[in-house]
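Notes to accompany the following structure.
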2 protein chains.
Amino acid sequence: MKSKNVTMKDIAKYTGVSTATVSRVLNDNYPVNIETKKKVLKAMKELNYEPNLVARNLRSRKSNLVAIIVADIKNPYYTNIAKQIDDYLFTEGYNLITCNTDESPKKEKEIIRMLLSRNIDAIAIAPSDSQNTDLSELINQNVPIVLVDRKIKDLQLPFVGTDNFKEACSLTEFLIKKGHKKIGIINGTLNTSTGEERFLGYKKAMEDHGLSIDEKWIYNGGFEEKKAYDVLKQFLQTGDELPTALFSCNNLMTKGAMKVLKEGNVNIPDDLSLISFGALANQDLMCPRITCVEQDTTYIGRKVAELLLDQLKNKKQLKNASIITESIFMPGNSVKEIL
Amino acid sequence: MKSKNVTMKDIAKYTGVSTATVSRVLNDNYPVNIETKKKVLKAMKELNYEPNLVARNLRSRKSNLVAIIVADIKNPYYTNIAKQIDDYLFTEGYNLITCNTDESPKKEKEIIRMLLSRNIDAIAIAPSDSQNTDLSELINQNVPIVLVDRKIKDLQLPFVGTDNFKEACSLTEFLIKKGHKKIGIINGTLNTSTGEERFLGYKKAMEDHGLSIDEKWIYNGGFEEKKAYDVLKQFLQTGDELPTALFSCNNLMTKGAMKVLKEGNVNIPDDLSLISFGALANQDLMCPRITCVEQDTTYIGRKVAELLLDQLKNKKQLKNASIITESIFMPGNSVKEIL
DNA sequence: CGATTAATAGAAATCGATTTCACAATCAAT
DNA sequence: ATTGATTGTGAAATCGATTTCTATTAATCG
């Protein structure tokens, strides 16, 4: 199907040297006579030679590929990070593969198998499950890993993300200080570290201030817009009493909540206050402007890229290199003060 | 560095057959005795064998990789499309590489060279330049291509996108019908087909209604938020008269415009009406809600994926397969009626 | 001046699969 | 019974690079 390409053999034949010499000129990793080198370089240019990465990678057991594995690359949180990684890696000769688990550990497993069979050089991953995501094969194969956003239980690996417990605690306290007592939460998936820690932060703040948690105001939104929308819609239809404030555990669910509340004519913040873990796109142009903590995804992406490159260059896995980034509190007008 | 892997040779030795037979079992493309087959499959399972894609790809001159090359994968327009493509391709055994040109033809060229040396199986591309983007090498190598969103002059290739001229014309006419006569435009890059066609659509509508175009209200935003922001900021500082309405040629520039107008206390729509080619994220929750045409990126992505898969399966390039998708007019409250 | 070292370069092995070729054995058909 | 087609298999070539060995020449050293 594909037309024949210029190979090292052609260059060798053309210049009358061996492919070994051509390779040495190409990689500049072994002394080659200056005249020979010139001749070879000239031939490469003339024949428009481009080394075949697949062949090179087979021999050297590399791929010059780095993967980012996340729940959904459509989430601007991850997209930003992916872009940063790509910016950093491209100049170093790597391409980025983006993989979507759709929050499914099964698909995640498939992805990892596939990447291993590609001799993937490094991966950044936001694990779909803090207990069951299996990175052992990657670790055995000595593939550099960076955990992004989410951690894995009892596993020491480089991590870049925020202090979810602390931030969730602060956000909840913000509501409490505004006088709220009936505070609900839209949880993400509790089998991710972020989902769990944010929920724990919320509980801690409630406990600390002697507030009880009402089961009926704990919603499971699975970190997905649609799920959050659905679960709230269902609740609204019951006609049960609403909490006075709601803490949404990520940007997607916040959007789902805003949509359904708008449709149900529940005014934010008059009828219900809302805070969000994670900013929405175009945050500052929305109404209401949601009060939230925002993560600096550009910075996170850069740090992830640095940790990846570090390991790639030093050809060894880092075990421990947590980078906890500060999140920024973004006041909006989605929280009403209660007297 | 990496630990030794189970190879075909191991399976062959373990079962006492040749690697040829193992390969035949693996690919199921040649008759193999049922007993032998069982034995080999059992061995594969027992030794946890996974075929090495790099080796396979070298021999078969493939890569099982598909690339999407766009200006900036952070743009939700492209991210949506990329996710769709990934969804479709992953189940067929492909991984998606995302590449960012940052609107630079030079970087784009580098990217294409790199992908070629990877034996890339197919690419979807939104060319950075309608004249100078060079796909000839890809075409020579018979790599399936799908143009996304943007076309290339005088080149017949499968395309999925919208009728930019028509939609731009309609949008402008919408403003005109609302009574606007002083209508400015924030252009994208005019050396892309979308940038050019949208500008032409605007001009056509203006001409058709006997309206003159004032040079000072033609802004160059280069399809980038920051550029649009900067160019408008500069204009605002001159204190020159503003148009009564502004047509922004893509989502990013619309955002830049909204930001700078807000900062400059130019109220939309009271002081200035704004329409946008392309929706913003969280459109429906913004204020003002921008009147715009929105493209169905999910549908576009699916069509791109289908065209890619079609070519991959039939192992031949399509030359002509334009899919012009309908855009949806989204009325907002960002346009004031002028009497 | 003989011996060790450095520079230079080719032949051949290698990475891990697929595929061609050759060849036996089996089966059907004339 | 001879021919021809089909099944089943392995040895070896191949994909296009890198790397190890080996060898030659030139340079340096004691």
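Atoms considered below: every heavy atom in the structure, side chains included; atoms not considered: hydrogens, waters and symmetry mates. Proteins come first, then strands; the chains are lettered A, B, ... in the order of their sequence lines, and each starts at number 1. The structure displayed is predicted, hence computed values, not measured ones.
- Among the protein residues, B:Val54 comes within range of no part of the nucleic acid, since none of its heavy atoms lies under 4.0 Å from any strand.
- For the pair B:Met8 CE and C:dC15 C1', the computed distance is 14 Å after rounding to whole Å.
- Between the side chain of A:Arg56 and the base of D:dT18, no donor-acceptor pair under 3.5 Å is found.
- Distance from the side chain of A:Ala55 is smallest to D:dG16 among C:dG10, D:dA11, D:dG16.
- Distance, B:Leu53 CG to D:dC15 P: 20 Å, rounded to whole Å.
- Within the nucleic acid shown, A:Asn57 has no heavy atom closer than 4.0 Å to any nucleic acid atom.
- Taking atom CD of residue A:Gln141 and atom P of nucleotide C:dG16, one finds them 11 Å apart after rounding to whole Å.
- Listed pair A:Tyr30 / D:dC21 fails the phosphate criterion, with no side-chain N or O lying under 4.0 Å from OP1 or OP2.
- Note on A:Thr21: a side-chain N or O is less than 4.0 Å away from OP1 or OP2 of C:dG10.
- Closest approach of B:Tyr78 to B:Ala71, counting heavy atoms only: CE1-N, 4.3 Å.
- In this structure, the helix from C:dC1-D:dG30 to C:dC27-D:dG4 shows an angle of 50° between the axis at its start and the axis at its end, each fitted on 5 base pairs and rounded to 10°.
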Assess whether salt bridge (Lys or Arg N to Asp or Glu O under 4.0 Å) is satisfied between B:Glu306 and B:Lys303, documenting all intermediate values.
CA-CA 5 Å; B:Glu306 284 173 9; B:Lys303 284 298 164 191; 3.1 Å; yes
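- The nearest whole Å value for the distance from the CZ atom in B:Arg59 to the P atom in C:dT14 is 19 Å.
- Between B:Asn27 and C:dT18 there is a side-chain N or O to OP1 or OP2 distance below 4.0 Å.
- Spacing between atom CE of A:Met44 and atom P of D:dG16 amounts to 15 Å, rounded to whole angstrom units.
- Among the heavy atoms of the strands, none lies under 4.0 Å from B:Val22.
- Residues B:Asn95 and B:Asn64 fail the side-chain proximity criterion, which asks for heavy atoms closer than 4.5 Å.
- OP1 or OP2 of D:dT18 has not a single side-chain nitrogen or oxygen of A:Arg61 nearer than 4.0 Å.
- Between B:Ala122 and B:Leu312 the shortest heavy-atom distance is CB-CD2, 4.0 Å.
- Using a 4.0 Å heavy-atom distance criterion, B:Pro51 is classed as a sugar-phosphate-only contact.
- Between B:Leu115 and B:Ile69, some side-chain heavy-atom pair lies under the 4.5 Å cut-off.
- A side-chain donor-acceptor contact under 3.5 Å links A:Asn5 and B:Gln141.
- B:Ser104 and B:Asp102 share no donor-acceptor pair across their side chains, judged by distance under 3.5 Å alone.
- Neither OP1 nor OP2 of D:dT19 sits under 4.0 Å from any side-chain N or O of A:Ser23.
- At whole-Å resolution of the value, NZ in A:Lys39 and C1' in C:dT8 are 12 Å apart.
- To the nearest angstrom, P of C:dT19 lies 14 Å from CG of B:Asp28.
- Between A:Thr19 and A:Val32, the residue anchored closer to the 5' end of DNA chain C is A:Val32, taking for each the nucleotide with the nearest heavy atom.
- The two residues A:Arg118 and B:Ser63 make their nearest non-hydrogen contact at NH1-O, 2.9 Å.
- Regarding contacts with the backbone of C:dG16, every side-chain N or O of B:Thr7 stays at 4.0 angstrom or more from both OP1 and OP2.
- Where B:Val17 and A:Leu58 each meet DNA chain D at their nearest nucleotide, the meeting point lying more 5' is that of B:Val17.
- The base of D:dG10 is paired with the side chain of B:Arg24 by a donor and an acceptor separated by under 3.5 Å.
- The distance between atom NZ of A:Lys9 and atom P of C:dA12, rounded to the nearest whole Å, is 13 Å.
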